[in-house]
Amino acid sequence: MAFARRELLLGLLAAAGLPAHAQQQADGKPIRIVVPFAAGGGNDVFARQMAKGLGEVRKSGVIVDNKPGAGGNLGTEQVVRSTPDGSTLLLGHTGTVSINPALYKGLKFDARKDLVPVAMFASSALVLVVPAASKVRSVADLVKEAKVRPGLLDYASSGSGTGGHLTGELFAQRTGTKINHIPYKGTNPALTDLAGGQVQMMFSVIPPALALVKGGRLRAIAVTGAKRLPSLPDVPTVAESGLRELAGFESTLTYGILAPRGTPDAFVKTLSAQMLQVAGGAEFQSRLDVEGAVPLLGGPAEYAALIAKESALWAGIVKASGASVD
């Protein structure tokens, strides 16, 4: 079995055109994956699952180091400033890589320019939820209500500049409605007030909202991805609302691994092949489902293209919303 795994890895490396010395380097060099958020969330779960699988493939230690602070900027900057030898990597996602450069004033680095993509492995949609007692049962109902009562609907988020906040701005922009953003200090207090009827809607990350949906306190009316989720098979996508202005609507968070700019190309290719081997496995993908995410596999070029696309989208939304953080 070990021999088969080794042969598969060497085949992937050979297909990537990697020299033998790069393969040997990748097999022995220890790695630290920096997660720029506290332990316990989806970022942390994905990093630890990747570290476990990557350590098995490389037959060497891979550790996870949580460095929370400043909306993910503290840990991200630490990776940007680290030696570009492949020993320090970043668990990146749309917020830290594509949103923060437009949102935060005075950043002394640009994650889009100072980091190089290694591999992307997952995408996570948000779920649009309303109180269980709400008369709103569909996206069409919600848009109608927002147009009848302009400026009177409040939507919660876990904080200014988060995916939930900016998705709400994107939704309002596409539908031509005015809805009020109410930022909270975290997802749980926002969901608690939503369930209590203090606010009318929220674009939430999946796991905590799903528990309240199943408990009968919230109603899920749509998910923001391109496809329905296995964890919410009966909940349509926003794009399935039937409203012309929401055709093709999509708002997701992408997860991947990045390295400091200047990391040797051969080493990046080696790591990419190894990470995609891990991310393509059943064990890794089972964890994605638990966190409300789906597989999205791609190497350096694919991940770079997606970052550029997401950065252009969210920079425009940040500007239009007027959101900024000093």
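Just the heavy atoms: all of them, side chains too, but no hydrogens, waters or symmetry mates, feed the values below.
Between Phe121 and Phe284, the ring center distance clears the sub-6.0 Å criterion. For His165 and Tyr184, the distance between ring centers is not under 6.0 angstrom.
Residues Thr96 and Phe37 form a side-chain contact, since some pair of their non-hydrogen atoms from C-beta on lies under 4.5 Å apart. Between Ile179 and Asp154, the closest side-chain pair of non-hydrogen atoms is not below 4.5 Å. With a 4.5 Å cut-off on side-chain heavy atoms, Leu258 and Leu89 do not count as touching. Residues Pro295 and Leu288 meet the side-chain proximity criterion, which asks for heavy atoms closer than 4.5 Å. For the pair Val129/Ile221, no side-chain contact is recorded, criterion being any heavy-atom separation below 4.5 Å from C-beta on. Inter-residue side-chain proximity for Val34 and Gln78 is flagged as met; some heavy-atom pair is nearer than 4.5 Å. Contact of the Val238 side chain with the Val223 side chain is not registered, since no non-hydrogen atoms from C-beta on lie closer than 4.5 Å. Contact annotation: the side chain of Phe171 never approaches that of Leu166 to less than 4.5 Å [non-hydrogen atoms, C-beta and beyond].
The minimum heavy-atom distance between Tyr303 and Gly92, with the atom names listed, is OH-O, 3.9 Å. Between Asp289 and Ser231, the shortest heavy-atom distance links the atoms OD1-N, 4.4 Å. Across all their heavy atoms, Thr252 and Gly225 have their closest contact at CG2-CA, 3.8 Å. For Leu91 against Pro36, the heavy-atom pair with the smallest separation is O-CD, 3.4 Å. Heavy atoms only, all atoms of each residue included: Thr76 and Ala111 are closest at CG2-CB, 4.2 Å.
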Given side-chain contact (heavy atoms from CB on, under 4.5 Å), test Arg81 with Phe109 step by step and report yes or no. CA-CA 9 Å; Arg81 307 296 181 205; Phe109 67 95; 3.9 Å; yes

Kindly determine whether Leu142 and Leu153 satisfy side-chain contact (heavy atoms from CB on, under 4.5 Å), including the steps that lead there. CA-CA 9 Å; Leu142 181 61; Leu153 297 187; 4.1 Å; yes

Where do Leu253 and Ser123 land on the side-chain contact (heavy atoms from CB on, under 4.5 Å) test, with the steps shown first? CA-CA 6 Å; Leu253 300 177; Ser123 175; over 6 Å; no

Can you list the steps and then say if Asn43 with Arg48 is a side chain to side chain donor-acceptor pair (under 3.5 Å)? CA-CA 9 Å; Asn43 292 270; Arg48 293 184 186 280; over 6 Å; no

Verdict with reasoning, Glu291 to Arg287, per salt bridge (charged side-chain N to carboxylate O under 4.0 Å, His left out): CA-CA 7 Å; Glu291 295 298 320; Arg287 290 302 307 171; 3.8 Å; yes

Would Asn73 and Leu107 count as a side-chain contact (heavy atoms from CB on, under 4.5 Å) here? Give the steps. CA-CA 9 Å; Asn73 290 323; Leu107 280 182; 3.8 Å; yes

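Judged purely by atom type and a 3.5 angstrom limit, Ser311 uses its side chain to pair as donor or acceptor with the backbone of Ile307. Panel note: side chain Arg217, backbone Pro131; no donor-acceptor pair is recorded below 3.5 Å. Gln285 contributes a side-chain N or O that, together with a main-chain N or O of Ala279, makes up a donor-acceptor pair within less than 3.5 Å. Looking only at distances, no side-chain donor or acceptor of Arg112 sits under 3.5 Å from a matching main-chain atom of Pro101. Of the possible donor and acceptor atoms, one in the side chain of Ser272 sits under 3.5 Å from a partner among the backbone N and O of Val118. No donor-acceptor distance shorter than 3.5 angstrom exists from the side chain of Thr167 to the backbone of Gly164, with no hydrogens or angles considered. Under the 3.5 Å distance criterion, the side-chain polar atoms of Glu77 are left unmatched by any main-chain donor or acceptor of Leu74.
Under a hydrophobic-cluster definition in which Ile, Leu, Val, Met, Phe, Trp and Tyr are linked whenever side-chain heavy atoms come within less than 4.5 Å, directly or via other members, Phe46 and Val57 are assigned to the same cluster. Cluster annotation: Met50 is connected to Val268 through the hydrophobic network of ILVMFWY side chains, with a link wherever side-chain heavy atoms come within less than 4.5 Å. Note on Leu170 and Val205: same hydrophobic cluster, where clusters join Ile, Leu, Val, Met, Phe, Trp and Tyr whose side-chain heavy atoms are under 4.5 Å apart, directly or indirectly. Cluster membership check: Leu246 does not share its hydrophobic cluster with Val235, using side-chain heavy-atom separations under 4.5 Å among Ile, Leu, Val, Met, Phe, Trp and Tyr. Connection of Ile182 to Phe203 is not established within any shared hydrophobic cluster, with ILVMFWY side chains joined at heavy-atom distances below 4.5 Å, either directly or through further cluster members.
For the 3.5 Å distance criterion, the side chains of Thr254 and Glu310 qualify, holding a donor opposite an acceptor. Thr83 and Asp85 share no donor-acceptor pair across their side chains, judged by distance under 3.5 Å alone. In this structure, a donor-acceptor pair under 3.5 Å is absent between the side chains of Thr175 and Glu245. Residues Thr224 and Ser251 bring no donor and acceptor atom of their side chains to less than 3.5 Å of each other.
Rounded to the nearest 0.5 angstrom, Ile99 CD1 and Thr162 OG1 are separated by 8.0 Å. Here Thr270 contributes atom OG1 and Met275 contributes atom CE; the two are 11.0 Å apart, rounded to the nearest 0.5 Å. A distance of 10.5 Å separates OG1 in Thr94 from CG in Asn100, rounded to the nearest 0.5 Å. With rounding to the nearest 0.5 angstrom, the CE atom of Met120 is 4.0 Å from the CG atom of Leu296. Rounded to the nearest 0.5 angstrom, Met202 CE and His181 NE2 are separated by 8.5 Å. Note that CH2 of Trp314 is 10.0 Å distant from OG of Ser321, once rounded to the nearest 0.5 Å.
Shown here is Lys227, whose NZ atom has no more than 12 heavy atoms of other residues, nucleotides or ligands within 6.0 Å.
Between Ile33 and the choices Ile257, Leu90, Asp65, Ile63, the side chain to side chain contact (heavy atoms under 4.5 Å, CB included) rule is met once, by Ile257.
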